[in-house]
Amino acid sequence: MAERAGVSRTTVSHVLNHADRVSPHLRERVLKAVEELGYSPNPQAQSLRTGRTNMVAMLIPDIRNPFYPELVKTVQSDLEAANLDTLIFNTDVPGGHSQDLGREYLQQIRQKRIDGLIVGDFALHGMHDALQEIDIPTVFIGKLPNQAVDSVRVDDEAACYAMGEYLAKQGHTRVAQITGPSFFSEAMDRARGLRQGLVDHGVSSEDILDWEGTFLAPSGLDGVDWLMEQQAAKKVTALFFGNHLMAQGGMARLFDHGVRVPQDLAVCVYGDQPQMNYIRPRLTRAGVQPAVQAHIASEMLLDRLNRKFQGPPRTTVLSGTLKQFDSA
């Protein structure tokens with residue numbers, strides 16, 4: 001290739017591995033020679049030489065939940081721009097397999113000599129201590145109970161506090177919320193934030209109803225059925241869903257019950273997934289779009305991989321945004 005392009009072997013190596021170190025003119029000559037000769041780099045040989053595989057693993061808890069494909073899509077694009085491939089592992093938290101699969105996948109990651117790891121919040125539910133044994137650059141998306149690795153999260157409690165304040169100022173004095181499961185700290189942060197925002201702005205604690213869901217769509221249906229049973233006595237005027245999947249199920253059930261939103265009941269939700277823009281009426285919401293969190297996670301990981309940052313684990317906390325739409 002060097003002979004065909006009329007350059008040194010070093011120049012060819014730079015074009016193939018560090019293109020920014022070569023002038024556009026020389027890079028074009030080398031790439032033309034690569035195309036003419038049909039050359040394809042051997043990744044195994046490159047790995048032996050550089051000590052890197054140029055692969056990053058990503059663990060997610062539920063590939064069916066639209067939140068996680070949004071994370072994956074963004075991370076994959078960011079890493080591809082840095083010439084890194086992404087391996088996706090689904091630990092299937094709703095199926096109850098997260099700990100078994102989590103251990104298996106972490107073992108595979110060690111064996112495959114992966115360069116870095118990104119973990120989507122609940123993917124390692126109940127086994128966060130395993131991150132303390134990880135010896136590669138790692139970023140956690142979500143609320144990490146320890147400081148083992150870098151992390152980025154949303155201040156869920158503050159975002160939901162703002163929603164509680166908003167509902168109170170809209171004149172709602174009887175509010176129900178369908179929360180996520182109590183064994184997820186994020187679910188309890190959201191529930192606590194909404195309740196406190198309501199109470200601090202004049203709503204009696206006794207007039208706030210809680211129903212514990214699962215973060216899955218069917219519990220949104222069940223939660224609305226529960227609310228309808230309470231409605232004659234409680235006369236709730238606003239309903240908050242702890243995540244977008246429960247909101248989707250709940251909106252379907254409200255339609256089944258003939259409840260008009262917002263005329264009969266105001267509805268709002270935690271979460272800002274793009275898919276929510278296709279629900280009518282559009283839901284008033286609080287949170288941060290998945291792509292924003294994913295971009296930051298990618299940047300933190302690349303900083304580690306490129307040795308731009310080598311200090312102790314960092315935590316980036318994002319403020320949620322309240323967006324008012326038609327439903328409340």
Side-chain angles (χ1 to χ4, degrees), residues 61 65 67 120-122 125 128 140-145 151-216 219-220 223-224 226-227 230 234 236-251 262 265-273 276 282-290 292-293 296 315-325 327-328:
N65 183 331
F67 177 83
D121 52 33
F122 307 127
H125 176 64
H128 293 113
F140 187 90
I141 301 175
K143 187 177 181 180
L144 185 61
S151 64
V152 53
R153 69 177 181 88
V154 180
D155 189 338
D156 288 351
E157 187 167 348
C160 292
Y161 181 96
M163 183 64 79
E165 178 182 358
Y166 169 78
L167 289 175
K169 289 182 176 180
Q170 290 289 105
H172 296 287
T173 57
R174 292 185 177 87
V175 178
Q177 63 171 328
I178 299 176
T179 75
S182 57
F183 50 80
F184 286 153
S185 63
E186 290 90 338
M188 294 299 95
D189 287 345
R190 297 171 194 177
R192 183 168 53 251
L194 182 86
R195 175 174 286 273
Q196 197 61 50
L198 289 166
V199 169
D200 287 353
H201 294 86
V203 177
S204 169
S205 180
E206 296 177 354
D207 290 325
I208 304 170
L209 306 182
D210 294 343
W211 191 86
E212 184 174 332
T214 64
F215 272 160
L216 300 177
S219 70
V224 167
W226 161 82
L227 178 60
Q230 314 294 317
K234 300 297 184 180
V236 167
T237 62
L239 173 61
F240 174 76
F241 290 97
N243 85 337
H244 66 287
L245 288 180
M246 295 191 299
Q248 289 174 14
M251 288 293 287
L265 184 70
V267 175
C268 50
V269 59
Y270 178 89
D272 194 12
Q273 281 66 264
M276 293 174 60
R282 295 182 71 185
L283 297 180
T284 293
R285 66 199 69 164
V288 174
Q289 292 190 348
V292 174
Q293 302 173 61
I296 294 175
T315 298
T316 297
V317 180
L318 305 176
S319 298
T321 300
L322 193 153
K323 296 181 179 180
Q324 179 185 0
F325 291 110
S327 66

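Computed from a prediction, not measured in an experiment: that's the story for all the values here.
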Does a donor on one side chain sit under 3.5 Å from an acceptor on the other, for His244 and Asp272? no
Are side-chain heavy atoms of Val236 and Gln230 found at a separation under 4.5 Å? no
When you compare the side chain of Arg153 with that of Leu144, does any pair of heavy atoms fall below 4.5 Å? no
Assess the side chains of Ser205 and Arg195: does a donor N or O sit below 3.5 Å from an acceptor N or O? yes
Once rounded to the nearest 0.5 Å, what's the spacing between atom OG of Ser151 and atom CD1 of Ile296? 11.0 Å
Can a salt bridge be assigned to the pair Glu186 and Lys143 using a cut-off of 4.0 Å between side-chain N and carboxylate O? no
Answer whether the closest heavy-atom distance between the side chains of Thr237 and Thr173 falls below 4.5 Å. no
Would you check if Tyr166 and Met163 make a side-chain contact, meaning some heavy-atom pair closer than 4.5 Å? yes
Residue pair Leu209 / Val175, side-chain heavy-atom distance below 4.5 Å: no
Search all heavy atoms of Ala328 against all heavy atoms of Pro262 and return the closest pair with its distance. N-CB, 4.5 Å
Looking at CZ of Arg192 and SG of Cys160, how far apart are the two atoms once the value is rounded to the nearest 0.5 Å? 10.5 Å
Interatomic distance, Leu283 atom CG to Gln248 atom CD [nearest 0.5 angstrom]: 9.0 Å
Please give me the minimum heavy-atom distance between Gly242 and Phe215, naming the atom from each residue. O-CE2, 3.7 Å
Backbone of Leu318 reached by a side-chain donor or acceptor of Asp155 within 3.5 Å: no
Between CZ of Arg282 and NZ of Lys323, what distance do you get to the nearest 0.5 Å? 8.5 Å
Begin with the C-alpha distance, continue with both residues' side-chain angles, and end with the deciding distance and a verdict on side chain to side chain contact (heavy atoms under 4.5 Å, CB included) for Leu239 and Phe241. CA-CA 7 Å; Leu239 173 61; Phe241 290 97; 3.4 Å; yes
For the residue pair Asn243 and Arg190, establish whether any side-chain heavy-atom pair is separated by less than 4.5 Å. yes
Please output the side-chain donor-acceptor pairs of residues 177-185 that fall under 3.5 Å, not counting sequence neighbours, one pair per line with the distance.
unit_1 : atom_1 : unit_2 : atom_2 : d
Gln177 : NE2    : Ala191 : O      : 3.2
Gln177 : NE2    : Asp210 : OD1    : 3.0
Ser182 : OG     : Glu212 : OE2    : 3.2

Looking at Ser219 and Thr214, would you say the former's side chain and the latter's main chain have a donor-acceptor pair under 3.5 Å? yes
Are the side chain of Thr284 and the backbone N or O of Cys268 linked by a donor-acceptor pair below 3.5 Å? no
Sequence-distant partners of His128, ring-ring contact (aromatic ring centres under 6.0 Å, His included), two or more places apart: Phe140
The complete set of salt bridge (Lys or Arg N to Asp or Glu O under 4.0 Å) pairs with one or both residues in residues 197-207, sequence neighbours excluded, reads none
Are Asp121 and Phe67 side-chain neighbours, meaning at least one heavy-atom pair lies under 4.5 Å? yes
Checking Leu265 against Leu227 for the side chain to side chain contact (heavy atoms under 4.5 Å, CB included) test, could you report, in this order, the C-alpha distance in whole Å, the side-chain angles of both residues, the deciding distance, and whether it holds? CA-CA 11 Å; Leu265 184 70; Leu227 178 60; 4.1 Å; yes
Before you tell me yes or no, could you show the steps for Lys169 and His201 under side chain to side chain contact (heavy atoms under 4.5 Å, CB included), namely the whole-Å CA-CA distance, both residues' side-chain angles and the distance that decides it to 0.1 Å? CA-CA 7 Å; Lys169 289 182 176 180; His201 294 86; 4.0 Å; yes
Do the side chains of Leu167 and Leu198 get nearer than 4.5 Å, heavy atoms only? yes
Show your reasoning for whether side chain to side chain contact (heavy atoms under 4.5 Å, CB included) applies to Tyr270 and Arg285. CA-CA 6 Å; Tyr270 178 89; Arg285 66 199 69 164; over 6 Å; no
